[in-house]
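Here is the structure we will look at.
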There are 2 protein chains.
Amino acid sequence: MEINCAEDQIVEKIELLPENQLKGLRLPTIRRFPKYLRILWELSSMGRDVVSSEKIANELNIDSITVRKDLAFTGIIGKPKIGYSISLLINGIERLIKPNNQTNIFLIGAGNLGAALLGYKGFEKHGYNIIAAFDSDPYKIGTTIHNKPVLSIDKITEIVEIPGDNIGVLCVPGNVAQQTAEILVKSGIRAIWNFTNVELKVPGHVTVLSEDLSSSLAVLSVNMKKNAYK
Amino acid sequence: MEINCAEDQIVEKIELLPENQLKGLRLPTIRRFPKYLRILWELSSMGRDVVSSEKIANELNIDSITVRKDLAFTGIIGKPKIGYSISLLINGIERLIKPNNQTNIFLIGAGNLGAALLGYKGFEKHGYNIIAAFDSDPYKIGTTIHNKPVLSIDKITEIVEIPGDNIGVLCVPGNVAQQTAEILVKSGIRAIWNFTNVELKVPGHVTVLSEDLSSSLAVLSVNMKKNAYK
DNA sequence: AACAAATTGATAATTATTTATCGATATATA
DNA sequence: TATATATCGATAAATAATTATCAATTTGTT
Ligand SMILES: NC(=O)c1ccc[n+]([C@@H]2O[C@H](COP(=O)([O-])OP(=O)(O)OC[C@H]3O[C@@H](n4cnc5c(N)ncnc54)[C@H](O)[C@@H]3O)[C@@H](O)[C@H]2O)c1
Ligand SMILES: NC(=O)c1ccc[n+]([C@@H]2O[C@H](COP(=O)([O-])OP(=O)(O)OC[C@H]3O[C@@H](n4cnc5c(N)ncnc54)[C@H](O)[C@@H]3O)[C@@H](O)[C@H]2O)c1
């Protein structure tokens with residue numbers, strides 16, 4: 001089975017950002033960047049050249065000062081009375097948040113959620129190479145889902161060994177989450193995007209980002225209760 | 001087709017929390033509550049009676065002072081040298097973040113992601129009634145997914161009219177997200193859990209909570225870059 | 001050329017959130 | 001009973017994030 005991975009691609013020189021350009025970047029700012037990008041892409045496709053912080057802020061229901069502060073991290077400077085160059089902003093933001101072109105995604109657990117994520121357009125759109133899924137179910141191994149091969153979990157160590165930054169997307173049942181994470185770490189993965197509700201213990205050099213839907217449910221519930229008093 | 005909705009259930013008296021118990025509750029605290037619950041449920045199932053803030057903090061890699069401050073919102077007081085009663089904490093947290101027992105979930109767009117979410121155990125576990133899905137695809141209408149009926153989107157107004165707090169989970173393609181949101185609002189929905197990458201415009205009385213995976217991808221990418229300098 | 005309007009970017013103020021300090025208290029143990 | 005220790009909860013300090021203020025700049029208009 002052919003696996004389309006970063007190794008097969010023309011590898012451009014990875015341009016490392018000066019460390020201090022990244023250092024000041026805070027979580028809320030990083031999380032807003034893709035939202036800015038979406039607006040900028042849209043405006044760009046409509047043929048617009050410039051945009052003001054106020055316009056972006058209105059689209060996102062945030063403050064324009066926040067937008068200007070965030071955009072300052074790109075190094076792009078706007079013109080008074082005019083705004084910012086859309087194309088320069090797109091480049092500037094992508095420079096900060098795009099993965100390098102050797103960043104590979106491996107999805108572990110091709111079940112309900114995993115299968116949906118294999119069809120998630122965001123991976124490619126944001127510059128990630130989604131390579132393959134791994135599962136332990138013999139009925140799934142050897143099939144493809146959304147054109148991505150489903151491989152035996154036993155093969156993971158050799159597959160993940162392709163060069164580059166490797167991200168594991170963890171979609172296995174909670175009761176095997178920790179042990180699966182440990183396999184990932186042993187395979188040399190540098191980051192885990194964790195969709196299980198398990199708090200993973202991993203070594204310090206591995207980044208874990210957990211997507212916890214129950215947190216969101218709690219926010220929904222509390223907001224509705226607060227609203228009941230209005 | 002039978003639809004199991006809140007109307008059919010024994011409706012307990014809804015116990016409204018005193019407004020000021022909710023007012024001070026901040027977003028980070030609300031988001032941590034389900035994590036505490038998970039630990040408490042686990043400890044409880046192991047037969048433990050009490051737990052210290054330090055223990056909880058260690059499990060979640062956060063500071064124990066944060067845990068104590070959060071727990072103070074429940075009104076439960078711990079004992080020095082002993083810790084907190086696990087069962088009291090569970091009650092106290094659930095009192096704050098559980099939806100009332102007439103909170104219904106309707107899922108719009110039974111595609112890849114929608115189908116996965118229909119199988120998400122978290123809804124029931126956290127006290128929501130997941131009622132049905134709606135779709136525009138005639139091949140899906142009339143089927144069931146994870147035992148939930150898929151109904152015609154045209155039926156939404158009459159179905160959503162069942163009493164209670166209604167939450168719409170939006171899993172339609174981005175290009176119809178805004179118009180679908182407007183249908184939801186017209187149907188009397190009070191909150192939208194938005195999985196599309198569209199910034200929805202809704203009236204003030206409607207709560208929107210957006211799950212933006214591209215924000216997470218950006219965080220992963222930046223964290224990996226920062227790590228490269230270590 | 002003078003003036004008005006829009007918009008940036010720097011600095012300051014405010015608010016939110018996390019982390020530190022420490023006295024008080026419940027329990028176990030010597 | 002006295003002492004040591006774990007732990008809470010209150011208060012204070014530090015850090016992070018948002019929001020306000022305003023001078024400077026660019027452009028359009030009279
Ligand atoms: N379904 C959802 O919408 C949803 C939402 C949020 C979070 N989650 C979480 O995502 C995870 C997966 O949920 P799901 O609904 O897709 O479950 P699922 O049972 O449909 O899928 C789990 C998949 O993992 C595979 N698997 C089991 N053990 C494995 C192992 N040791 N190695 C490799 N693969 C293994 C199974 O064969 C299956 O294909 C769970 O932890 C769940 O809590 C699911
Ligand atoms: N697939 C993922 O993992 C993923 C992850 C994050 C976000 N999302 C977002 O979730 C949304 C759905 O993604 P998907 O992958 O499930 O797409 P999908 O195409 O598989 O599903 C969309 C569903 O919506 C239905 N639909 C279309 N128009 C409708 C209308 N007007 N009213 C009711 N139903 C309608 C379609 O029939 C289909 O069943 C998209 O906005 C996507 O960006 C998807």
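Worth knowing before you read on, the calculation uses all heavy atoms, side chains too, and leaves out hydrogens, waters and symmetry mates. So that the names make sense, note that chain A is the first sequence line, chain B the second, and so on, each numbered from 1.
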Rounded to whole angstrom units, what separation is found between the [atom1] atom of [X] and the [atom2] atom of [N]?
X     : N      : atom1 : atom2 : value
A:F73 : D:dT18 : CZ    : C1'   : 13 Å
B:N58 : D:dA6  : CG    : C1'   : 14 Å
B:L89 : D:dT7  : CG    : C1'   : 14 Å
B:D63 : D:dG9  : CG    : C1'   : 14 Å
B:Y84 : C:dT27 : OH    : P     : 15 Å
B:D70 : C:dT19 : CG    : C1'   : 13 Å
A:R31 : D:dT18 : CZ    : P     : 12 Å
B:L71 : D:dA10 : CG    : P     : 13 Å

* Would you mind telling me which residue lines up with the more 5' stretch of DNA chain D, A:I65 or A:I82, judged by nearest nucleotide? =>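 Whichever sits nearer the 5' end wins; that is A:I65.
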* Ignoring the backbone of B:P80, work out which of D:dT7, D:dT18, D:dT19 is nearest its side chain. =>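 So the nucleotide nearest the side chain must be D:dT7.
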* **Pair B:S210-B:N194, side-chain donor/acceptor within less than 3.5 Å** =>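 Yes.
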* For A:L27, does the CG atom sit with more than 12 other heavy atoms under 6.0 Å from it, leaving out its own atoms? ->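 Result for CG/A:L27: enclosed.
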* Asked: Would you say the side chain of B:K81 and the base of D:dT7 hold a donor-acceptor pair, judged only by whether the two atoms sit under 3.5 Å apart?
  ->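 Result: no qualifying N/O pair found.
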* To do: Establish whether the base of D:dT19 is bridged to the side chain of A:K69 by a donor-acceptor pair shorter than 3.5 Å.
  =>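 Answer yes: a donor N or O sits under 3.5 Å from an acceptor.
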* Do any side-chain nitrogens or oxygens of A:R68 fall under 4.0 Å of OP1 or OP2 in C:dG9? ->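 For C:dG9, OP1/OP2 do not have a side-chain N/O of A:R68 under 4.0 Å.
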* Asked: Phosphate oxygens OP1/OP2 of C:dT18: is one of them under 4.0 Å from a side-chain N or O of B:R32?
  ->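 For C:dT18, OP1/OP2 do have a side-chain N/O of B:R32 under 4.0 Å.
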Side-chain contact test, heavy atoms from C-beta onward, threshold under 4.5 Å: evaluate it for [X] versus [Y] and give yes or no.
X      : Y      : value
B:I192 : B:V169 : no
B:K201 : B:Q178 : yes
A:K225 : B:P99  : no

Contact class for [X] vs. all strands (heavy atom < 4.0 Å): base, sugar-phosphate, or nothing?
X     : result
B:S53 : sugar-phosphate
B:L27 : nothing
A:I62 : nothing
A:R26 : sugar-phosphate

